[in-house]
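Have a look at the structure below before the remarks.
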Number of protein chains: 2
Amino acid sequence: MTKRTSELDSFDQKILDVLAVDGRISVTALASKIGLSKSPVQARLKRLEDNGVIRGYRALFDPIRLGRNHIAFVEVKLDDTRETALNAFNTAILRVGEVEQCHMIAGAFDYLLKVRTTDMAAYRAVLAEKISTLPHVSNTSTYVAMQTIKEDGMLATPVRP
Amino acid sequence: MTKRTSELDSFDQKILDVLAVDGRISVTALASKIGLSKSPVQARLKRLEDNGVIRGYRALFDPIRLGRNHIAFVEVKLDDTRETALNAFNTAILRVGEVEQCHMIAGAFDYLLKVRTTDMAAYRAVLAEKISTLPHVSNTSTYVAMQTIKEDGMLATPVRP
DNA sequence: TATGAAATAATCCTACT
DNA sequence: AGTAGGATTATTTCATA
C-alpha cells in the first residue's frame, strides 16, 4: 500500500473537528468549512467511515429534560478475577441499560461503572437488582455525583417503563 | 398552557430511539421508520431540538484508531471547598481538553475526572502540568483503565500537537 | 481535486381527514 | 394531530475533466 490507512492529513482532522461539533452537517457545508469542494470531502468522509475512524453518528440528549439526572459511579470488586469470571461479568454488564460506562481498573478495585438513572430510588433498585446480582460481584462502593461540571450529554435513549 | 412542553409521547420516544443510533438519518427515512409521514416528523424533530431535549448531533470516533487509548480516572481533592473555590476549579477544568468528564462527588473526594490521552506519558504530563496546577487542587489519586468494557466512543476530537 | 448534471431530499406550503 | 401532494431550494451522487 502507498500509505497507512489510518494516517490522517490536516483535511481529515478538520473534517473530524467539524463533525465532533455538528454530526448532522451537510457534505456541502462541511466542504466549504474546511476549504475543499464536495467530491473529495465525500470521498474522505466515506473513507473515514469505512476505516472505522468515524464509528457513527448520534443525537445528544439533555439528561435533565429527560428526567434522568442521577449519576452514580460504582466501584465493583469481584470474588474471582480469572479470565472466565471477568468474561462473564463483562458480558453481563453490557445488558444493563443504566450502565453507561464500564472500565476495568488497575488498582484497588476491579471495575468502575457510571450509572445513570432518574433518581436515587431508581439507582438503589438498579444496584440491588441488576448490578449486585451480576456474576462474581462481591462488593460495591457507590459515589453519587452532586453536580456535573463537564460531560457532553446523554448518548443513550431513556429507559422506559 | 395545554400541556407541559417536555412531555414526550411514544412517537417522540421512537424518534429519540432512532436518532440515538443514527444521528445522520434523513427525515424521510426517520418518518418511515417510526410509521408517520414527513410533516409531523419534521415538526416533532424541530420541537425536540428547540426544546433542548435534543442538544445536538455528534460524530463518534474510535479512540484506538486515533491513538488515544489511554483512559484514567482521577479523584481530586481541593484544599478549599467554599463556593468561590469550587467555581474557580469548575471554570478551569472546562479548559482542559483531555478531561472528558468532570463530576462533583458526594463523599470521600471532591471531584472525579475522566481523562483521555494517547498514552501514560501523555497522561503524566496532563496530570502534572494541567490538573495538579488547577486552582485549589490539594491532591489527586489516579486509577488507570486496563480495559474498556462499555463506552459509546469518543465525542471530542483528538488533541493535536 | 474540481465542476456540472441528474437524482434525491429538505423545507415550506396548502388542502383535506 | 396526521396525511397527501406539490413547489422550491438544497444536497447527494455520479460522471467527466
- Run the side chain to side chain contact (heavy atoms under 4.5 Å, CB included) check on B:Ile15 and B:Leu8 step by step: do they pass? CA-CA 10 Å; B:Ile15 289 174; B:Leu8 306 179; over 6 Å; no

- Query: Mind checking whether B:Leu19 and B:Tyr57 have side chains closer than 4.5 Å, heavy atoms only?
  - Reply: yes

- Message: What residues from residues 25-42 of chain B pass a heavy-atom cutoff of under 4.0 Å to DNA chain D?
- Response: B:Leu36, B:Ser37, B:Ser39, B:Pro40

- Does A:Lys33 NZ have over 12 foreign heavy atoms under 6.0 Å away? no

- Query: What is the distance, rounded to the nearest whole Å, between atom NZ of B:Lys46 and atom P of D:dA1?
  - Reply: 17 Å

- Query: Given the rule in the side chain to side chain contact (heavy atoms under 4.5 Å, CB included) test, do B:Leu113 and B:Val96 qualify, once you have shown the distances and angles that lead to the verdict?
  - Reply: CA-CA 11 Å; B:Leu113 315 181; B:Val96 183; over 6 Å; no

- Look at the side chain of B:Lys77 and the backbone N and O of B:Ala108, then say whether any donor-acceptor pair between them is shorter than 3.5 Å. yes

- Between A:Asp9 and A:Arg44, is a side chain to side chain contact (heavy atoms under 4.5 Å, CB included) present by the stated rule, with each step listed? CA-CA 10 Å; A:Asp9 67 13; A:Arg44 283 163 181 272; 2.8 Å; yes

- Mind checking A:Arg44 for me? I need base, sugar-phosphate or nothing, with any heavy atom below 4.0 Å counting as a touch. sugar-phosphate

- So among B:Val126, B:Ile71, B:Thr142, which one has a side chain to side chain contact (heavy atoms under 4.5 Å, CB included) with B:Val115? B:Val126

- Once you round to the nearest 0.5 Å, how far does CZ of B:Arg116 lie from CD of B:Glu151? 4.5 Å

- 5' to 3' on DNA chain C, which nucleotides open and close the contacts with chain A (atom under 4.0 Å from a heavy atom)? C:dT1 to C:dT3

